[in-house]
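Lettering of chains follows the sequences in order, A, B, ..., and the numbering in each one begins at 1.
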Number of protein chains: 2
Amino acid sequence: ESLQVTHSDKSLVFADLTAEEYKSVRDYMWAEEELKISHSLTAKTSENFLFLIDLLLPRKADVLRYLDSSGPKPAREASVVVFYGEHGYLKEYVVGPLSGRLQHRDVTQEKYNTSQLPFTARTVTIGEYVQLFTLLNQVFKKLEKPLSESFGYIPQKRQLLPFEGMPRGIKAGDRKTWISFFRDYSGMYIHPVGFEMLINHESSNSSKWTVDRLLYNGQYFNTINEFMSKYEAGGLKKIVYKEIPNHASLKPRKKPSGLGPQQYYLKGKRFSVKNNQVIYLDWSFAFGLSSLTGMRVFDVRFKGERIAYELSVQEAMSVYGSVTPGMILTKFLDSSIGIGRFAHELVRGVDCPYAATYVDTYRYIDTNVAQRFRNSICVFEHDIGRPLRRHFSDFFHNGYGGMANSALVFRTITAIGNYDYIWDFIFYQSGSVEARVHATGYISSSFTDDGNLQYGHQVAKNVLGNIHTHFINFKVDLDIVGVKNIFQTKDMVYKEVPLPWMPSEKAKIPQLVEKQIKTEQEAAMRHGAKTPRYLHIASNQTNRWGHHRSYRLQVVSFAGDHLPESESTERSMSWARYKVAITKHKDAEQTSSSLYSQNYMWSPFVDFSKYIEDNETIVNEDLVAWVTAGFLHIPHAEDIPNTVTVGNGGGVILRPHNYFNEDPSINSPDGVYFGPG
Amino acid sequence: ESLQVTHSDKSLVFADLTAEEYKSVRDYMWAEEELKISHSLTAKTSENFLFLIDLLLPRKADVLRYLDSSGPKPAREASVVVFYGEHGYLKEYVVGPLSGRLQHRDVTQEKYNTSQLPFTARTVTIGEYVQLFTLLNQVFKKLEKPLSESFGYIPQKRQLLPFEGMPRGIKAGDRKTWISFFRDYSGMYIHPVGFEMLINHESSNSSKWTVDRLLYNGQYFNTINEFMSKYEAGGLKKIVYKEIPNHASLKPRKKPSGLGPQQYYLKGKRFSVKNNQVIYLDWSFAFGLSSLTGMRVFDVRFKGERIAYELSVQEAMSVYGSVTPGMILTKFLDSSIGIGRFAHELVRGVDCPYAATYVDTYRYIDTNVAQRFRNSICVFEHDIGRPLRRHFSDFFHNGYGGMANSALVFRTITAIGNYDYIWDFIFYQSGSVEARVHATGYISSSFTDDGNLQYGHQVAKNVLGNIHTHFINFKVDLDIVGVKNIFQTKDMVYKEVPLPWMPSEKAKIPQLVEKQIKTEQEAAMRHGAKTPRYLHIASNQTNRWGHHRSYRLQVVSFAGDHLPESESTERSMSWARYKVAITKHKDAEQTSSSLYSQNYMWSPFVDFSKYIEDNETIVNEDLVAWVTAGFLHIPHAEDIPNTVTVGNGGGVILRPHNYFNEDPSINSPDGVYFGPG
Ligand SMILES: [Ca+2]
Ligand SMILES: [Ca+2]
Ligand SMILES: [Ca+2]
Ligand SMILES: [Ca+2]
Ligand SMILES: [Cu+2]
Ligand SMILES: [Cu+2]
């Protein structure tokens, strides 16, 4: 049977750039002679490099006019980032219109209030890594004897694999990276060898890069020569190389036997994907995948009525503890490397059910040609395995009514170095949407050393699994019956009241406490603080029973402590202070983090706390909720080889609360009812 | 293909009584002449009634000797509760051995430290309800005119359906029940009519029962006559009956179209259920269903090693707010009515997947013959729809390893009046077990009246959905490498340390904080208090890497506020003070609540807080964790007709934490790996 649905091309206003569009923007930029952009995939740091081309999201007001009031289609434009090695700065451009004769406009000043961004704020490119590997090879040549004796290093045969700590230094402008070395194994991340190196690669001229410090088996050395002479002199604790089995191997130890349950669509799929639009029963939405921030959906509608303008991943952050220099300062901000960038092909039957619909994506980031990522989004309907609702009665009126919980899952998985994040947006027939992330893949680890058990547990021979936090930020731009909304909280309190039929007796009774929060700062709910249990984005319009139509944000989080604000790097992740923060929507406040946050942590170009510093009113405004979920991760032996997803996740459920006049699932074709025969 | 597993009959030590066993105990008790027990299903309150026959769990030490040291099989015995209407007290007996010549022993004194339990502490039986309905019919006859004009009451044709508030009074010994009346519709619970009645049914002689108060449309009356005369005189605000459509109907409004995804076992089931034992891949456990407390599993083993002795539901509690007398005091303690009692037949394809294995249960509670509940437990393997683990790498070493998350679900659903609780124990291939409960079914409601919006939201015409809490208690008797365990907590703290390679610079770094908690009172973690993020039941034995082998308790809860301890009813639910409490195991502390808690709330016979009052050491003892999860429920229009399960749940995940030397799922036959071709 084939599904009868009517897709709309209007969703294309949110569509990622096509391979052709990337190419036309790239060719245009390359052709601009005065920009002198290298065509090389591995442009040197001293060259000019076109790092990123991505969709420039059109202004929300323009989009709404287009979607809702037959306004003109917003111009399609690209956002472009160029790393100017020749000049030692970075710039951002808008290039467009993609449908016409291309032009570029430098938007650095208007976006960041500076005419150029500092060169060290940039992401390390593949080109820079090539230069770093060249340097490492030179160093390794000088260290061949200790590396071979200690770690089994054999040039061109058995390598030491590098893993970088971040931030790269301790103040703005630094680009001094501690690199830790790992065994040449799959799953290197849990094979630290006890050797780390501090490299200063601040200069755009790689010949000026230096090795500033070495760590060998817990001992520090200022220079290669110092290390070599002490090593030769025998004045240090040596590590002696031993072959070990690869405890990081993911190869199954048992042959497949039997087969777990498989889900099938016996009567065909009940959802349809066309271009970048999904239609599923009463739901429809547009989708995209930002190279930087990852998965996102727009114009999310239920029964034709828009509930959310945007629901998107913003940032994935981790703060580590360690005694080793490669990890002691480490704070990863993944959107600076690119979250969506690492949305690779999904494996049928493991990453998503076999029968899911798979969608290709195209990206242009740290490359010289747009890349296709086959089957990198999956969409499927899933039986949650637990009824959505049911009731059985065997007295007064006998009967049974119920409904299986079949929901639509929209998923990407991003493998960013060691970690794999599984990102899900789930659309339920009761009108709820859930944003969920689960972590899996390899933990980061360090070589065991004195005092390291203060920073984690030993998880394998000589391997410490380092304690760390996971914080994930979602942007939730709900539009409840239009864009003008209010922020309401609800909770309970016990109040002592006299019993109405015998007022001499009193009892403490749960009462409903409702509050409207009117300013951005009051609406910024810190993790530690007691927060009202119900948080609502509401309309002034009421449902049939006189209550504000609203969606409730139910945050599911097991987050650890956020970095103290006194730390110099904290402002680059100030979104993580808040479980939920509500801002007045601004086109200029599109993201809570930025490409430059990781490498310029001390003076970030996007500091989320600034969004609420002006403490604007949030009464009858277009509101955006920024939701942070996460978990504290104290690694344990069962994280070897991979962290499992069970219990390692967080997210937010967006639930209708007096939005409708009754549960919309009562209209589902999946409802079941029977009475006595 | 048929599954090759070896079941053990030893699990039968935990098996519920068989229909034959119930019968033999009943017949024995009936035959004991001096007990004078009525044979009637609807014995009057003035008669002696055999209320309950249930398995008496054998002592843990005896069971462990039987299971682990080829000790003798513990005697099989029944626990029996008799309501002595003739004498005005209750007694409990042990009857056994079930395999031999039965005898009975009065255990009231040893269990409750009193030779007899007060008569008003008992559950209301079907027999008492019959007498209450007789009274109601007499009253209704007198009220026929107002009831007919106001509520469309027509004797024998259109009824008013009753719903009771609890507790039944304000002090020990009271049995004064506010009954609220509802329209004669399916889903009556959301059809309040605005009429309530206070009935004193304290006496075992029902002819002495009285109507003590009436509430009509917000107005109180001391007697039927007062109400009638004021009604006739026209001196009150009247309700005029109107037919309305049944907004509680669960009948689907749309015809089935299409079909949601269905799960199948293409190569057969990978689990086996025999008697009361389940074997699933590396897992095995015994199961049972207590009429009072509900679902429970015992001797839970992974790879043959016992992880939990018992995991069981203990209590489901709700505290309501209202202006109406029928709900203002209401605090439901479901195990006093019987949670397992209401585990009815599960509906294939809705309550559990079509292909699940269904198991019958047998019970003897408030009856005169053992009852069979067909297909009242389901067991199935489910594809959670998200990988258990996965990692993809496209640099250094390319490869993909992953595994679908197929887990075993053990489920009952108990429809206790308006609410349906879905109880799940989930067994994961990574060695985790999850206990989960979700709420669905009908909310409780009251007729709208002045001031009632302080207690909830209006959810339908004249219907207030009353604010309430849900608190659920689980007993988690983990035995980690034997019964001698310790209680450990782990968390993080930021500590300022100098950077080892430049000590003049300092940074705040996450550190691991481990603590052992040594006494019961320190281990009682209140809901509001800041609790360490990781809670572990641990062995003094260490894993290969030197860490205490442990299971972590990860509580998932959105609980509201617990009733203030100053309230006279609080001690009947004192388990709900704590998110997690750890006690030293005692056979005498089998449950956190009791059959008598609901109707004797003010002076409960089981007060959980007493278990920790002696503040015993919990170092190297057999530890039991008592876990409370729940959620605050502020009803909204989408609770009509039924509350949906999405977001309305809680539970606890029991996760191995350094219990193994690595993730056991690496040995699963479901693992998938591939490298570059
Ligand atoms: Ca603002
Ligand atoms: Ca909005
Ligand atoms: Ca104790
Ligand atoms: Ca124990
Ligand atoms: Cu982690
Ligand atoms: Cu509820």
Side-chain angles (χ1 to χ4, degrees), chain A residues 161 186 213 250-254 256-261 263 267 270 321 350 381-383 385 389 391-392 396-397 401-402 404 406 415 428 430 432 440-441 454 458 467 492 501 509-512 533 545 554 560 632 636-638 640 642 644 646-647 653 656-658 662-663 669 671-673, chain B residues 161 186 213 250-252 254 256-261 263 267 270 321 350 381-383 385 389 391-392 396-397 401-402 404 406 415 428 430 432 440-441 454 458 467 492 501 509-512 533 545 554 560 632 636-638 640 642 644 646-647 653 656-658 661-663 669 671-673:
Chain A
L161 303 181
S186 74
R213 209 68 56 100
L250 298 176
K251 289 184 183 153
R253 299 190 192 152
K254 277 195 192 154
S257 66
L259 182 66
Q263 293 211 14
K267 299 181 82 178
R270 304 201 294 182
V350 182
E381 188 177 4
H382 188 71
D383 172 15
R389 54 179 174 77
H391 180 69
F392 168 78
F396 299 139
H397 290 264
S406 271
Y428 296 97
S430 54
S432 290
T440 180
Q454 287 180 291
Q458 189 177 333
I467 190 170
M492 67 174 288
W501 70 101
I509 308 297
Q511 279 201 350
L512 172 61
R533 290 184 175 90
W545 319 115
Q554 183 178 4
L632 168 64
H636 45 102
E638 294 83 359
I640 305 301
N642 273 181
V644 298
V646 176
I653 313 177
H657 190 101
N658 295 322
E662 61 181 350
D663 170 23
V672 165
Y673 178 85
Chain B
L161 304 181
S186 74
R213 208 68 55 99
L250 298 176
K251 289 182 184 153
K254 276 194 193 156
S257 67
L259 184 65
Q263 294 210 15
K267 301 180 82 177
R270 304 203 293 183
V350 183
E381 189 177 4
H382 188 71
D383 173 15
R389 54 178 173 77
H391 179 71
F392 169 78
F396 300 140
H397 290 263
S406 272
Y428 296 97
S430 55
S432 290
T440 180
Q454 288 180 289
Q458 190 178 332
I467 191 170
M492 68 174 290
W501 71 100
I509 308 298
Q511 279 199 351
L512 172 60
R533 290 184 174 90
W545 319 115
Q554 183 177 4
L632 169 64
H636 46 102
E638 294 83 0
I640 306 299
N642 273 181
V644 298
V646 176
I653 314 177
H657 190 102
N658 294 322
N661 299 316
E662 62 182 348
D663 171 24
V672 164
Y673 177 85

Engineer: So for A:E381, is it side chain, backbone, both, or neither that comes closer than 4.5 Å to the heavy atoms of chain B?
Structural biologist: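 Backbone plus side chain of A:E381, per the 4.5 Å heavy-atom cut-off to chain B.
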Engineer: Please report the interatomic distance CG(B:L512) to CG(A:L632), rounded to the nearest 0.5 Å.
Structural biologist: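 Nearest 0.5 Å value for the CG-CG distance: 8.5 Å.
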Engineer: To the nearest 0.5 Å, tell me how far A:L250 CG sits from B:D663 CG.
Structural biologist: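 These two atoms lie 10.0 Å from each other.
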Engineer: Go through the atoms of A:H391 and report whether side chain, backbone, both or neither lie under 4.5 Å from a heavy atom of chain B.
Structural biologist: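 Backbone plus side chain of A:H391, per the 4.5 Å heavy-atom cut-off to chain B.
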Engineer: Just verifying a value: how many Å separate A:K267 NZ and B:S257 OG, rounded to the nearest 0.5 Å?
Structural biologist: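 Atom-to-atom, A:K267:NZ and B:S257:OG are 8.0 Å apart.
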Engineer: Select one option (side chain, backbone, both, neither) describing which atoms of B:F396 are under 4.5 Å from chain A's heavy atoms.
Structural biologist: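 For B:F396, side-chain heavy atoms alone lie under 4.5 Å from chain A.
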Engineer: When only pairs under 4.5 Å are counted, which of B:Y428, B:W545, B:Y673 shares the most heavy-atom pairs with chain A?
Structural biologist: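 Of the candidates given, the most pairs with chain A belong to B:W545.
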Engineer: Side chain, backbone, both or neither: which part of A:L259 has an atom under 4.5 Å from a heavy atom of chain B?
Structural biologist: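 Its backbone and side chain both get close to chain B.
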Engineer: Please determine, among A:A415, A:P261, A:S186, the option with the most heavy-atom pairs under 4.5 Å with chain B.
Structural biologist: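 Going by pairs under 4.5 Å, I would pick A:P261.
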Engineer: Between A:Q554, A:R389, A:K254, A:Q263, which shows the greatest number of heavy-atom pairs under 4.5 Å with chain B?
Structural biologist: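 With the most close heavy-atom pairs to chain B, the winner is A:Q263.
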Engineer: Out of A:A637, A:G321, A:P252, return the one with the most heavy atom pairs under 4.5 angstrom to chain B.
Structural biologist: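 Most heavy-atom pairs under 4.5 Å with chain B: A:A637.
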Engineer: Which bit of A:S432 is near chain B, if near means a heavy-atom gap under 4.5 Å: side chain, backbone, both or neither?
Structural biologist: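 For A:S432, the side chain is the part near chain B, not the backbone.
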Engineer: Tell me, for A:T440 versus chain B, whether the close heavy atoms (under 4.5 Å) come from the side chain, the backbone, both or neither.
Structural biologist: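 Interface part for A:T440: both.
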Engineer: Between chain B and each of A:E662, A:E638, A:H397, count heavy-atom pairs under 4.5 Å; write down the option with the most.
Structural biologist: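 Answer, by heavy-atom pair count under 4.5 Å with chain B: A:E638.
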Engineer: Which residue out of B:G385, B:G671, B:P510 racks up the most heavy-atom pairs below 4.5 Å with chain A?
Structural biologist: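 Most heavy-atom pairs within the cutoff with chain A belong to B:P510.
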Engineer: In terms of heavy-atom pairs under 4.5 Å with chain A, which of B:P656, B:G441, B:P256 leads?
Structural biologist: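 Answer, by heavy-atom pair count under 4.5 Å with chain A: B:P656.
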Engineer: Sort B:Q454 into side chain, backbone, both or neither according to what part of it lies under 4.5 angstrom from a heavy atom of chain A.
Structural biologist: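 Its backbone and side chain both get close to chain A.
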Engineer: Which bit of B:H636 is near chain A, if near means a heavy-atom gap under 4.5 Å: side chain, backbone, both or neither?
Structural biologist: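 Contact with chain A involves both backbone and side-chain atoms of B:H636.
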Engineer: Is B:N661 close to chain A through its backbone or its side chain, or both, or neither, when contacts mean heavy atoms under 4.5 Å?
Structural biologist: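 Backbone only.
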Engineer: Quick one: of B:H657, B:Q458, B:H382, who has the most non-hydrogen atom pairs under 4.5 Å with chain A?
Structural biologist: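 Sorted descending by pairs with chain A, the first entry is B:H657.
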Engineer: Looking at B:S430, B:P669, B:A404, B:G401, which has the largest count of heavy-atom pairs under 4.5 Å with chain A?
Structural biologist: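 Most heavy-atom pairs within the cutoff with chain A belong to B:P669.
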Engineer: Of the listed residues (B:G260, B:S406, B:G402), which shares the most heavy-atom pairs with chain A below a 4.5 Å separation?
Structural biologist: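 Looking at each option in turn, the highest pair count goes to B:G260.
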